[in-house]
Participant: 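Encoded as structure tokens, here's the structure I'll be asking about.
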2 protein chains.
Amino acid sequence: MSYISYMIDDNAPSSPLSRKAAPPTDFGFRPLYRQVKEEFVRRMVDGRWATGTALPSEQGLAAELGVSQGTVRKALDELAAENVVVRRQGRGTYVAEHDEARILFQFFRLVPDDGIARFPDSEVLSQGVHAARKDERAALALPPGAKVARIRRVRSLARSPVILETLSLPDRLFPGLTQSLAPNSLYAHYASHYGVTIAHTTERLKAVTLAGEDAARLDRPAGHPALRVERLATALDGRAVEWRVSLCLTDTAHYLVNDAPKGPHKAA
Amino acid sequence: MSYISYMIDDNAPSSPLSRKAAPPTDFGFRPLYRQVKEEFVRRMVDGRWATGTALPSEQGLAAELGVSQGTVRKALDELAAENVVVRRQGRGTYVAEHDEARILFQFFRLVPDDGIARFPDSEVLSQGVHAARKDERAALALPPGAKVARIRRVRSLARSPVILETLSLPDRLFPGLTQSLAPNSLYAHYASHYGVTIAHTTERLKAVTLAGEDAARLDRPAGHPALRVERLATALDGRAVEWRVSLCLTDTAHYLVNDAPKGPHKAA
DNA sequence: TCCGGAATGTCTTATATAAGTTATATGATA
DNA sequence: TATCATATAACTTATATAAGACATTCCGGA
């Protein structure tokens, strides 16, 4: 007896959702709504649902998959909570786009002290494809001998350099990335040109002091404090796809962390 | 016509949930499940539901409030997503406890580079009640003339000082806090002795260099880099209740930020 | 001590209805 | 006839409820 009984309902025409013959131990079982969710993620990963497109209606998806609208809805609930899709009552559900505003709020946490978030300008210092270094292979889980696209750039707010960063990406996933000038908003570029959607990031922060070339690039004296941010970005399917080490000046800006602002706060 | 029609159902005996007479504009309307959620928050704020206690069952709450189990469940869903309650299938739903492990993972983001999170020891340098400074009044939204409890302490990992921090709290909310030695795990103490549950924190980070007494306290030379973390902690009802400025050494540890790992990731 | 089963809790699914959006049709007016 | 404002129809997502499946605990009996 299991939820799967719903899936082999007679009026469900050969549903793509299935489950291998249940082993004695019920390990690996997932509820129906989560199977539906995984099917949706698959469609986004393989490009059937590109970013920005409108999904079929909940009723339509329910009919197609042979489940109820509430089940489709619960799957979409989780995807919406993860900012993978966006819903608007009366209009429809859309695959989230990595537009400038979204990246600014979701992935960019360095904000000016006055509180007004702005997207920094970007100047590429160098870019090219190289053999992956040991640290890059470790971070991106690459095999020995793999190549990476490497980009080094300075980002400025109000014409003043604020961030000096180096990005490394698996060349296999992003062929030709460094041929042209890297656009300002990279995550939108990954999605539109390579079908890679960044879903999750992890950042590790340390305080350091600037030295040598880094200090000169950021127009600060040696010994000046800076925030070193090491970011690992993960795609929808869970693969690590971008490794980024940034040196950030925090003289007139700060790094902002909010813990769990999910539902609207300020209850009662 | 509105959801409230469910609330004045005949078999619902004088529900505590209500809504002022609807003005022509339907502004201020809240769905039923959100009213239920706010009622639950009220019960936690005023102490009827203390931390660690088990809630009545979803069915029981539904019957008491005159709504369906699914509505109670949706309210609890949001509270569980905010880590305000904890649910265990087959056992029940509990008001979240600020035990050491939870604080370690939810509010303490400074982890050793080897990845093994540990709770740091704490040594109080000074504590007492003082007139609130201007910055403290601004952070905690206190009126002029208000008093604050102020605690200054050093925290150590493996007998080595790592964090030097100053805490400020409204004296009105925490009378007598500085009379006794501040316990290591403060948030649990706030809940058990003062009925104040920390629900949310905001942190602002800057990189600085140590100087003078701070450097000496942390056993580092002047000019050594450190992470300055300014934290504002907010209670269940939305009031700011603790302001904390910490200087953290990041020589062998780092500050960890994960963006949105809500539902189980790694789909597909 | 071990095991079966009832009791009681959450979890999942399904269905009905409300509320919001947009496109279409309608009708008055210039 | 062309245009514009206004109903109205057809979608959409949002909310509420009910019923049954699954998980855990506890107690009685062997």
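Quantities reported herein were computed from a predicted structural model and do not represent experimental measurements. Chain letters run A, B, ... following the sequence lines, proteins first, then strands; residues in each count from 1. As a basis for the values below, the full set of heavy atoms in this structure was taken, side chains included, without hydrogen atoms, waters or symmetry mates.
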Participant: Do the side chain of A:T53 and the main chain of A:W49 share a donor and acceptor less than 3.5 angstrom apart?
Facilitator: no
Participant: Of all the nucleotides listed (D:dT15, C:dA14, C:dT12), which has the minimum atom distance to the side chain of A:P31?
Facilitator: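 Minimum distance to the A:P31 side chain belongs to C:dT12.
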Participant: When the distance from CZ of B:R87 to C1' of C:dT12 is rounded to whole Å, what number comes out?
Facilitator: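 Checked: the CZ to C1' distance equals 12 Å.
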Participant: Give the rounded distance in Å between these two atoms: CG of A:D77 and C1' of C:dC11.
Facilitator: 15 Å
Participant: Could you state the OH-C1' distance from A:Y33 to D:dA21, rounded to the nearest angstrom?
Facilitator: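 Roughly 14 Å, once rounded to whole Å.
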Participant: Could you state the atom-to-atom distance from CG of B:L76 to P of C:dG9 in whole Å?
Facilitator: 14 Å
Participant: Can you confirm whether the side chains of B:Q59 and B:Q69 place a donor and an acceptor under 3.5 Å from each other?
Facilitator: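 On atom types as modelled, these side chains do not qualify, holding no pair under 3.5 Å.
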Participant: Name every residue in residues 55-62 of chain B that has at least one heavy atom under 4.0 Å from any atom of DNA chain C, in order of residue number, or write none if there are no such residues.
Facilitator: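 Correct list: B:S57, B:E58.
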Participant: How close or far is atom P of D:dA16 from atom CZ of A:R73, stated in whole angstroms?
Facilitator: 11 Å
Participant: Please determine whether a side-chain nitrogen of the Lys or Arg among B:E203 and B:R109 lies less than 4.0 Å from a carboxylate oxygen of the Asp or Glu.
Facilitator: yes
Participant: Out of D:dA16, C:dT13, C:dT10, which has the shortest distance to the side chain of B:S68?
Facilitator: D:dA16
Participant: N/O contacts under 3.5 Å, protein versus nucleotides 21-24 of chain C?
Facilitator:
| residue | atom | partner | partner atom | Å |
| --- | --- | --- | --- | --- |
| C:dT21 | O4' | A:G90 | O | 3.1 |
| C:dT22 | OP1 | A:R91 | NE | 3.1 |

Participant: Cation-pi check, B:R204 to A:Y255: give yes when NZ or CZ is under 6.0 Å from the six-membered ring centre and within 45° of the ring axis, no otherwise.
Facilitator: no
Participant: Looking at B:T71, does any N or O in its side chain come under 4.0 Å of the phosphate oxygens OP1/OP2 on D:dT17?
Facilitator: yes
Participant: Could you tell me whether the side chains of B:Y187 and B:E242 share a donor-acceptor contact shorter than 3.5 Å?
Facilitator: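 B:Y187 vs B:E242: donor-acceptor pair found between side chains.
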Participant: Mind checking the OG1-CG spacing from B:T202 to A:N258? Nearest 0.5 Å is all I need.
Facilitator: 4.0 Å
Participant: What nucleic acid atoms does A:G92 come within less than 4.0 Å of, heavy atoms only: base, sugar-phosphate, or nothing?
Facilitator: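 Since only primed, P, OP1 and OP2 atoms lie under 4.0 Å of A:G92, the category is sugar-phosphate.
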Participant: Show the atom names and distances, to 0.1 Å, of all donor-acceptor pairs under 3.5 Å that link a side chain in residues 97-105 of chain B to residues at least two apart or in another chain.
Facilitator:
| residue | atom | partner | partner atom | Å |
| --- | --- | --- | --- | --- |
| B:H98 | NE2 | B:R102 | NH1 | 3.1 |
| B:H98 | NE2 | B:I198 | O | 3.3 |
| B:D99 | OD1 | B:R102 | N | 3.1 |
| B:R102 | NE | B:Q106 | OE1 | 2.7 |
| B:R102 | NH2 | B:N83 | O | 2.8 |
| B:R102 | NH2 | B:Q106 | OE1 | 2.7 |

Participant: Would you kindly give the NZ-to-P distance between A:K74 and D:dA16, to the nearest whole Å?
Facilitator: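 Whole-Å distance recorded here is 16 Å.
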Participant: Within 45 degrees of the axis of the six-membered ring of A:Y33 and under 6.0 Å from its centre: does A:R73 put its NZ or CZ there?
Facilitator: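 Pair A:R73/A:Y33 does not count as cation-pi.
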Participant: Atom CZ of B:R34 and atom P of D:dA16: how far apart are they, to the nearest Å?
Facilitator: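 To the nearest whole Å, that distance equals 10 Å.
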Participant: From C:dC11, D:dT15, D:dT13, pick the nucleotide closest to the side chain of A:T93?
Facilitator: D:dT13
Participant: By the 4.0 Å heavy-atom rule, please label A:R88 as base, sugar-phosphate, or nothing.
Facilitator: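 Answer is sugar-phosphate: A:R88 comes under 4.0 Å of backbone atoms only.
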Participant: Any heavy-atom pair between the side chains of A:V41 and A:D237 that's under 4.5 Å?
Facilitator: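 Contact flag for A:D237/A:V41 side chains = no.
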Participant: Over how many whole Å does the gap from A:L32 atom CG to D:dC22 atom C1' extend?
Facilitator: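 Distance check: A:L32 CG to D:dC22 C1' gives 15 Å.
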